[in-house]
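Single-structure report; data block below.
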Protein chains: 2
Amino acid sequence: MQQPVDQIVQTLRDKGLRVTPQRFAVYSNLLARADHPTAEQILGDLNQAAPTSSQATVYSSLQALRDVGLVREVLLEEGICRYDANVAPHHHFRCSSCGAIEDIAWEQFQNISLDQLRPGLQVEDYEVTVRGQCDRCTPTS
Amino acid sequence: MQQPVDQIVQTLRDKGLRVTPQRFAVYSNLLARADHPTAEQILGDLNQAAPTSSQATVYSSLQALRDVGLVREVLLEEGICRYDANVAPHHHFRCSSCGAIEDIAWEQFQNISLDQLRPGLQVEDYEVTVRGQCDRCTPTS
DNA sequence: CTTTGTGCAAACGATTTGCAGGATG
DNA sequence: CATCCTGCAAATCGTTTGCACAAAG
């Protein structure tokens with residue numbers, strides 16, 4: 001996920017987005033993180049050292065990035081909108097104890113048979129959400 | 001889904017909930033509907049003829065019903081929390097054009113193999129969300 | 001008659017918007 | 001130098017809360 005600066009800049013330009021420090025920061029932060037942060041968490045992260053961005057800008061950056069398909073939202077909990085720079089199709093695991101979210105490779109559920117769905121439905125894609133306990137929350141030895 | 005009044009009353013009592021007209025209305029409305037309405041839609045539906053319930057009550061009824069496991073929330077779109085009286089595990093189809101939501105039988109994806117997941121994860125359940133076009137939105141003849 | 005639910009209105013948190021000034025290409 | 005972005009603050013949306021009154025068991 002770690003990408004050189006030039007490449008990120010190029011990606012943004014290719015999508016027709018102006019490269020501003022704030023927008024760049026939001027995107028590269030999202031690229032560098034393994035979790036799926038909320039807008040609030042991104043803002044906090046960016047402003048950790050010194051204030052570099054306002055909340056309105058983070059929101060609008062996320063919207064712009066989503067509009068051009070560089071970012072997608074992940075909805076697993078009520079009232080919580082998370083963001084993910086991994087737009088390739090993949091699934092999610094969510095720990096029902098600590099709430100940690102982890103990616104599951106797309107190939108994991110490649111064998112799903114959609115052919116028996118009600119006729120008339122045209123499938124574009126699908127996503128599996130798995131709920132359970134992660135290792136940290138499992139009292140396993 | 002259509003259930004006799006007595007049975008609904010009994011279900012609520014069994015769960016330790018007092019049976020008030022408002023709470024009864026919320027639950028039976030949810031039972032009778034095939035879609036997955038939002039709190040707002042339920043309120044509007046109940047107050048269609050005459051005002052019978054306030055928004056605060058609808059929200060608290062939904063919360064009470066959810067707490068005792070008679071209702072669950074369905075999260076498919078950003079910022080939209082839908083409710084479902086079908087608490088049996090099942091999957092969802094969402095039309096990416098009109099937003100209509102449709103249930104998919106649990107058995108449809110029963111053949112999912114979770115055994116190759118990263119060791120350390122303890123699976124409790126999973127859910128598949130399929131996105132596509134419903135018949136009304138497909139320009140098929 | 002005790003406990004719990006209702007309704008109102010105010011409070012709330014997350015996200016959006018209007019607008020003036022500033023930076024990008 | 002035209003366009004688009006940023007930041008602030010105010011607005012908005014869905015949901016929650018405090019409290020006095022009413023109803024359920």
Side-chain angles (χ1 to χ4, degrees), chain A residues 5-6 8-29 36-47 50-68 70-83 99, chain B residues 5-6 8-29 36-47 50-68 70-83 99:
Chain A
V5 169
D6 295 354
I8 298 178
V9 170
Q10 195 53 49
T11 304
L12 293 171
R13 284 232 179 83
D14 287 351
K15 292 291 186 178
L17 295 181
R18 284 196 181 173
V19 181
T20 67
Q22 294 82 350
R23 195 173 278 172
F24 175 88
V26 168
Y27 186 46
S28 59
N29 180 269
H36 301 69
T38 62
E40 211 178 1
Q41 291 173 330
I42 295 172
L43 178 65
D45 210 6
L46 297 186
N47 288 348
T52 60
S53 193
S54 74
Q55 81 198 127
T57 301
V58 169
Y59 278 109
S60 94
S61 296
L62 286 170
Q63 204 168 299
L65 289 165
R66 189 180 39 174
D67 287 347
V68 300
L70 287 179
V71 150
R72 67 144 136 168
E73 41 195 29
V74 177
L75 308 172
L76 299 177
E77 300 145 279
E78 185 195 335
I80 300 184
C81 182
R82 301 177 172 282
Y83 291 89
Chain B
V5 169
D6 296 354
I8 298 179
V9 170
Q10 195 53 49
T11 305
L12 292 172
R13 285 233 178 84
D14 287 350
K15 292 291 185 177
L17 295 179
R18 283 195 180 172
V19 181
T20 66
Q22 294 82 350
R23 193 172 281 171
F24 175 88
V26 168
Y27 186 47
S28 59
N29 180 268
H36 301 70
T38 63
E40 212 178 0
Q41 290 172 330
I42 295 171
L43 178 65
D45 209 8
L46 297 186
N47 288 349
T52 59
S53 194
S54 73
Q55 81 198 126
T57 301
V58 169
Y59 279 108
S60 93
S61 296
L62 286 170
Q63 202 166 300
L65 290 165
R66 189 179 39 174
D67 287 346
V68 300
L70 287 179
V71 150
R72 66 145 138 170
E73 40 195 29
V74 177
L75 308 173
L76 299 177
E77 299 146 280
E78 184 192 338
I80 300 183
C81 182
R82 301 178 171 284
Y83 291 90

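Letters A, B, ... mirror the listed sequences (proteins, then strands); counts begin at 1.
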Name the nucleic acid region contacted by B:Ser53, choosing base, sugar-phosphate or nothing; use a 4.0 angstrom heavy-atom cut-off, strictly under.
-> sugar-phosphate
Does a side-chain N or O from B:Arg13 land closer than 4.0 Å to OP1 or OP2 of D:dG25, or not?
-> yes
Between C:dT15, C:dT6, C:dT16, spot the one nearest the side chain of B:Ser61, thanks.
-> C:dT6
How would you label the contact of B:Gln55 with the nucleic acid (heavy atoms, under 4.0 Å): base, sugar-phosphate, or nothing?
-> base
Taking for B:Gly79 and for B:Pro21 the nucleotide of DNA chain D with the nearest heavy atom, the one nearer the 5' end belongs to B:Gly79
Of the candidates C:dT15, C:dT6, D:dT15, the side chain of B:Tyr59 sits closest to D:dT15
So A:Gln10 and A:Asp14, side-chain hydrogen bond (donor to acceptor under 3.5 Å, both in side chains) or not? Walk me through it.
-> CA-CA 6 Å; A:Gln10 195 53 49; A:Asp14 287 351; 2.8 Å; yes
Nearest heavy-atom pair of B:Tyr59 and B:Ala39: which atoms, and what distance?
-> CE2-CB, 3.4 Å
Within the pair B:Thr38 and D:dG14, is there a side-chain N or O less than 4.0 Å away from OP1 or OP2?
-> no
Expressed in angstrom and rounded to an integer, what is the separation of A:Arg66 atom CZ from C:dT15 atom C1'?
-> 11 Å
Using atom CD of A:Glu77 as one end and atom C1' of C:dA14 as the other, report the distance to the nearest whole Å.
-> 14 Å
Atom CG in B:Leu12, atom CZ in B:Arg23: separation rounded to 0.5 Å?
-> 8.0 Å
Test B:Glu73 against every option in B:Arg82, B:Arg66, B:His36 by the side-chain hydrogen bond (donor to acceptor under 3.5 Å, both in side chains) rule and name the one that passes.
-> B:Arg66
May I have the distance from B:Gln10 (atom CD) to D:dG25 (atom P), rounded to whole angstrom?
-> 11 Å
Taking for each residue the nucleotide of DNA chain C bearing the nearest heavy atom, is the 5' side occupied by B:Glu78 or by B:Leu17?
-> B:Leu17
B:Glu73 atom CD is separated from D:dG14 atom P, nearest whole Å, by 16 Å
Taking for each residue the nucleotide of DNA chain C bearing the nearest heavy atom, is the 5' side occupied by B:Gly16 or by B:Ala56?
-> B:Gly16
Interatomic distance where CG belongs to B:Leu12 and P belongs to D:dA24 [whole Å] | 14 Å
Rounding to a whole Å, what distance do you find between A:Phe24:CZ and D:dC5:P?
-> 17 Å
Nearest of D:dT6, C:dA14, D:dA24 to any side-chain atom of B:Thr20?
-> D:dA24
Rounded to the nearest Å, what distance is computed from the OH atom of residue A:Tyr83 to the C1' atom of nucleotide C:dT15?
-> 8 Å
Between C:dG5 (C1') and B:Leu62 (CG): distance, integer Å = 14 Å
Out of C:dG7, D:dA23, C:dT24, which nucleotide sits closest to the side chain of A:Arg18?
-> C:dT24
Just wondering, are more than 12 heavy atoms of other shown residues or ligands nearer than 6.0 Å to CD in B:Glu77?
-> yes
